[in-house]
Amino acid sequence: MVLIGKADRNSQIGKVGIIDRLFEELLRMYGPQGWWPLLTCKGCNPTKTGSSQGYHPGDYSYPQTDNQRFEICVGAILTQNTSWPNVEKALFNLAREGLLEPMIMVADEGKISQAIKPAGYFNQKTRKLKVFSSFWVNLKGNPKREDLLSLWGIGPETADSILLYAFRMPEFVVDTYTRRILLNLCLIEDEDSYDDVKRLLISGARNDFRTYQEYHALFVEHAKRYYQKKPYGKDCPLKKLLSAPEI
DNA sequence: TTCCAGGCAATAC
DNA sequence: GTATTGCATGGA
């Protein structure tokens, strides 16, 4: 029996153990999530909430084509401060117009804005997509994180999403939901930086892209259930895990 | 109606 | 340097 109390939360070693336990519990609760969602993905689970054609739980073979890789990058940019269903509408529109390709992104502008309108911030995001696609067409092999970060419109979360899901590199993605959960569980402080939180999460997970993908997706799934409305974390079952002994 | 969404860059202080 | 503001649509 492991009792995780407040004292443990104040030490780094205690936190690592807690993170590890959180992951275990989330996986038990929701099972493998199989991110990232793709428009074209054979055998995807079509019933998954918020997904056009569903996720691919337990299948870590995606992306399988350059087009899918590019689609993930576009999705990562479009989903900045935007709900996924809105992003899906935009992705559908882009695909329908034949715009979900790097070369065409470089050329056309008005059509891109029109297509991505549902995802919001369409003027900014059009520019971001053009900047990124220029980068993409000159890209050889996997991108470097610092190169992505140097692009206008790509911050730490978007860079890590691209590296983790499009290129299957072990970079943990820290998003609003993840922060919200960890903050609520008193495992981080409000002023902790992106990298602080990332380090903590990495310390509690196997250094493997599949693990990072799964855990990030699990945080989002959990947050959608318990951390979307205030008060955040109401009825969150993970709290029991941290304050009480295991049964 | 108000709040929030899988952020980021620009501007204000 | 840190804090605040602009970007924008759509669903709950």
Side-chain angles (χ1 to χ4, degrees), chain A residues 26 30 33-39 48-52 54-57 62-63 71-94 109-110 112-132 135 145-166 171-184 188-198 201 209 212-234:
Chain A
L26 286 169
Y30 306 121
Q33 300 297 300
W35 273 29
W36 185 279
L38 286 159
L39 295 177
K48 192 74 189 180
T49 310
S51 169
S52 51
Y55 297 62
H56 37 89
Y62 293 94
E71 181 189 325
I72 291 171
C73 298
V74 171
I77 290 168
L78 291 180
T79 199
Q80 290 173 1
N81 205 36
T82 301
S83 63
W84 187 253
N86 285 1
V87 175
E88 280 186 340
K89 293 181 181 73
L91 287 172
F92 269 130
N93 292 343
L94 285 172
E109 201 164 316
I112 297 174
S113 306
Q114 193 58 35
I116 68 172
K117 211 163 196 173
Y121 310 115
F122 50 83
N123 289 316
Q124 284 195 349
K125 283 177 177 173
T126 295
R127 185 177 161 200
K128 291 177 183 182
L129 290 179
K130 287 174 69 66
V131 168
F132 180 78
F135 171 79
R145 189 170 191 270
E146 61 177 287
D147 290 342
L148 287 172
L149 289 176
S150 74
L151 300 176
W152 187 88
I154 307 284
E157 185 191 331
T158 309
D160 286 338
S161 294
I162 289 171
L163 292 169
L164 179 61
Y165 290 105
E171 300 283 352
F172 211 112
V173 176
V174 179
D175 59 27
T176 307
Y177 286 146
T178 306
R179 288 194 80 100
R180 195 173 288 167
I181 292 171
L182 294 176
L183 191 61
N184 195 262
I188 61 170
E189 316 259 335
D190 223 356
E191 58 270 23
D192 284 344
S193 70
Y194 183 95
D195 289 330
D196 289 336
V197 179
K198 187 173 170 180
L201 291 166
F209 81 86
Y212 289 8
Q213 288 184 352
E214 210 58 85
Y215 288 162
H216 168 238
L218 283 166
F219 271 123
V220 176
E221 182 62 27
H222 184 67
K224 281 180 174 168
R225 296 168 191 245
Y226 298 100
Y227 288 82
Q228 254 180 345
K229 282 189 302 189
K230 289 180 180 175
Y232 296 141
K234 184 171 177 292

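Throughout, protein chains are lettered first and strands after them, A, B, ... in sequence-line order, and every chain is numbered starting at 1.
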When the distance from [atom1] of [X] to [atom2] of [N] is rounded to whole Å, what number comes out?
X: A:Lys224; N: B:dC4; atom1: NZ; atom2: P; result: 17 Å
X: A:Leu148; N: B:dG7; atom1: CG; atom2: P; result: 17 Å
X: A:Ile162; N: B:dC8; atom1: CD1; atom2: C1'; result: 13 Å
X: A:Leu78; N: B:dA5; atom1: CG; atom2: C1'; result: 14 Å
X: A:Lys128; N: B:dC8; atom1: NZ; atom2: P; result: 7 Å
X: A:Lys229; N: C:dA12; atom1: NZ; atom2: P; result: 11 Å
X: A:Asp175; N: B:dC4; atom1: CG; atom2: C1'; result: 14 Å
X: A:Asp190; N: C:dA3; atom1: CG; atom2: P; result: 11 Å

A:Gln213 side chain to A:Gly34 main-chain N or O, any donor-acceptor pair under 3.5 Å? no

Using the six-membered ring wherever Trp is involved, compare the ring planes of A:Tyr165 and A:Trp35 and label them parallel, tilted or perpendicular (cut-offs 30° and 60°).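 It falls in the tilted class, 30° to 60°.
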
Side chains of [X] and [Y]: is there a donor and an acceptor less than 3.5 Å apart?
X: A:Asp160; Y: A:Tyr212; value: no
X: A:Lys125; Y: A:Thr82; value: yes
X: A:Ser150; Y: A:Asp147; value: no

So is A:Lys198 actually on top of A:Phe172's ring, under 6.0 Å and inside 45° of the axis?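 Negative - A:Lys198 is either too far from the ring of A:Phe172 or too far off its axis.
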
Short N/O separations, protein against nucleotides 10-13 of chain B, under 3.5 angstrom:
unit_1: B:dA10; atom_1: OP1; unit_2: A:Trp152; atom_2: NE1; d: 3.2

Spacing of CG belonging to A:Leu129 relative to CD belonging to A:Glu109, to within rounding of 0.5 Å: 11.0 Å

Please round to the nearest 0.5 Å and tell me the distance separating atom OH of A:Tyr62 and atom CG of A:Leu38. 7.5 Å

Give me the distance, rounded to whole Å, that separates B:dA10 from C:dA8 when you measure between the P atoms they each carry. 14 Å

From CA spacing to verdict: side-chain hydrogen bond (donor to acceptor under 3.5 Å, both in side chains), A:Asn123, A:Thr126: CA-CA 5 Å; A:Asn123 289 316; A:Thr126 295; 5.7 Å; no

Quick one: which protein N/O atoms are closer than 3.5 Å to N/O atoms of nucleotides 8-11 of chain C? Pair and distance per line, please.
unit_1: C:dA8; atom_1: OP1; unit_2: A:Tyr121; atom_2: O; d: 3.2
unit_1: C:dA8; atom_1: OP1; unit_2: A:Phe122; atom_2: N; d: 3.1
unit_1: C:dA8; atom_1: OP1; unit_2: A:Asn123; atom_2: N; d: 2.7
unit_1: C:dA8; atom_1: OP1; unit_2: A:Gln124; atom_2: N; d: 3.2
unit_1: C:dA8; atom_1: OP2; unit_2: A:Asn123; atom_2: ND2; d: 3.2
unit_1: C:dA8; atom_1: O4'; unit_2: A:Tyr121; atom_2: N; d: 2.8
unit_1: C:dA8; atom_1: N6; unit_2: A:Tyr121; atom_2: OH; d: 2.2
unit_1: C:dA8; atom_1: N1; unit_2: A:Tyr121; atom_2: OH; d: 3.0
unit_1: C:dT9; atom_1: O2; unit_2: A:Asn86; atom_2: ND2; d: 3.2
unit_1: C:dG10; atom_1: O4'; unit_2: A:Asn86; atom_2: OD1; d: 3.3
unit_1: C:dG10; atom_1: O4'; unit_2: A:Asn86; atom_2: ND2; d: 3.1

Does A:Arg179 make a side-chain N or O approach to OP1 or OP2 of B:dG7 shorter than 4.0 Å? no

Below the 4.0 Å mark, does B:dA5 have OP1 or OP2 next to a side-chain nitrogen or oxygen of A:Thr79? no

Remember a base hit wins even if backbone is also touched, and classify A:Ile77 as base, sugar-phosphate or nothing at under 4.0 Å, heavy atoms.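 If one applies the 4.0 Å heavy-atom cut-off, A:Ile77 turns out to touch nothing in the nucleic acid.
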
